[in-house]
Amino acid sequence: MELYKNGLNVPEILTRWYESEKLLNYGAFIPFVGIVRDENNISGLSFDVYEPLLKNWFENWVSRAEKDGAKLKFAHSIGDVLVHESSYVSAVLSPKREVALRLIVEFVEDFKANAPIWKYDLIDSKRIYAESRSKKIIGSGLLA
Amino acid sequence: MELYKNGLNVPEILTRWYESEKLLNYGAFIPFVGIVRDENNISGLSFDVYEPLLKNWFENWVSRAEKDGAKLKFAHSIGDVLVHESSYVSAVLSPKREVALRLIVEFVEDFKANAPIWKYDLIDSKRIYAESRSKKIIGSGLLA
Amino acid sequence: MVKIEFLGPINREAEYFNIKNLNDLAEILKNDSELIDWLEKSAVAINGKLVFDRNIELKSGDVVAILPPVCGG
Amino acid sequence: MVKIEFLGPINREAEYFNIKNLNDLAEILKNDSELIDWLEKSAVAINGKLVFDRNIELKSGDVVAILPPVCGG
């Protein structure tokens, strides 16, 4: 798991992951790159991350992928990421194409639903919580 | 569509695709990289390509993706590709994550089933048609 | 003392309480009008692990995190 | 003349025939014992497009490709 302040260096990350894994006999390498879109008059997005739980969430996914003989990679931004920069890169490596395609879908969808990361729109230099796009984590309401 | 003799330069391809598309307001970039596995005592794989039909097949997919607001990329090897090198890279770009995840699965699966590419195992410097892993193209048997 | 962290958009300094479990914490926090809306939509982690039971015993040094709705990527 | 290409593992030089459609081609090729197994599992393209009808009219200069089972990637 890799966390970086501000936008990600996508070519560096993808090249490093590919070069470090290509001799390990995985047949399929499927990255997912999230790029900040120019929309809603934002100048960018900003992110808070709760690292202890994120680490835990990711390690659970690593174990789950290992049972399928697959490996996962994950990088995310902290702080401001401007429009057309990237805030999120993950990847699945697997001996089997079918497993890799299934896992990248499941992993990215679960990331969206449960990774402890908070998103803000950057508008007029202000940080506005993206509440309507946010999702309650499983188990929410425990203290209500 | 890009065809190359022998193994692909994956970092160059992914970097070029990312850099050329990142300003075009796609939110998700999902590459698929196929790496030749060390198995069955092969030294590598070898490929024949029928370029006129491949071009046609790919252009149909480009049109289909455009209807969803998405873009497709495709690179493949011709000739010999050694173990741990890559023979196939494709990618989907889309404003929406869900569309990109769906398309990469559909595109890669249809590629496997219908792209006019023939695969051979390289064993003891001989080229052996990978018949048992090959699939009949839709419409096969027309002349039988 | 148990440390309570309010994450992301709750935007509030951590606080320390002498509590035995999450029932105690709920009793304290429900009187805080700033927090009441957040509690309904927030999950809870103890020492970096999500929990789903208010009766889990807390000890001094534990860290409880209040996790509002998320949106990574 | 219509050019017939035998692709991939069929591993055979192209041939030229004076034919009006794929029925004519099937008549010629079915007598070739080397090809008979390939025809059952091969698809057919005319000028780079897959076809599914043996009655499509062929004209001189057309290229017919015989496409055995594929496995890209």
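Atom set for the values below is all heavy atoms of this structure, side chains included, hydrogens, waters and symmetry mates excluded. Each chain gets a letter, A, B and so on, in the order the sequences are listed, and its residues count up from 1.
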- [ ] Go through the steps for N25(A) and H84(B) under the test side chain to side chain contact (heavy atoms under 4.5 Å, CB included), then give the verdict.
- [x] CA-CA 7 Å; N25(A) 225 24; H84(B) 299 150; 3.5 Å; yes
- [ ] In sequence, state the C-alpha distance, the side-chain angles, and the governing distance for V105(A) and V105(B), and then conclude on side chain to side chain contact (heavy atoms under 4.5 Å, CB included).
- [x] CA-CA 9 Å; V105(A) 174; V105(B) 174; 4.1 Å; yes
TODO: I would like to know whether R97(A) and E109(B) meet salt bridge (charged side-chain N to carboxylate O under 4.0 Å, His left out); could you show each step before the answer?
DONE: CA-CA 9 Å; R97(A) 170 183 91 251; E109(B) 293 299 338; 3.1 Å; yes
- [ ] Under the side chain to side chain contact (heavy atoms under 4.5 Å, CB included) rule, what do L14(B) and T15(A) come out as? Steps first, then yes or no, please.
- [x] CA-CA 8 Å; L14(B) 294 182; T15(A) 297; over 6 Å; no
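Nearest heavy-atom pair across Y26(A) and I35(B) is O-CB, 3.4 Å. The two residues G27(B) and R37(A) make their nearest non-hydrogen contact at CA-CG, 3.6 Å.
Interface check for chain A: of the options P95(B), A91(B), G34(B), A100(B), the most heavy-atom pairs under 4.5 Å are formed by P95(B). Chosen from E85(B), K112(B), R102(B), the residue pairing most often with chain A at heavy-atom distances under 4.5 Å is K112(B). Each of A28(A), P11(A), P31(A) has some count of heavy-atom pairs under 4.5 Å with chain B, and the biggest count is that of P31(A).
Annotation for E51(A): atom CD does not count as buried by contact number, only 12 or fewer foreign heavy atoms lying within 6.0 Å. Applying the 6.0 Å contact sphere to CD1 of I138(B) captures no more than 12 heavy atoms from other residues, nucleotides or ligands.
Taking the side chain as every heavy atom from C-beta outward, I30(A) and V33(B) never approach each other to under 4.5 Å.
Here the straight-line distance linking atom CG of L101(B) with atom CD of E106(A) works out to 11.0 Å at 0.5 Å rounding. Once rounded to the nearest 0.5 Å, the distance linking OG of S86(A) with OH of Y18(B) reads 2.5 Å.
In this structure, chain A has a heavy atom under 4.5 Å from the side chain of E19(B), while its backbone stays farther away.
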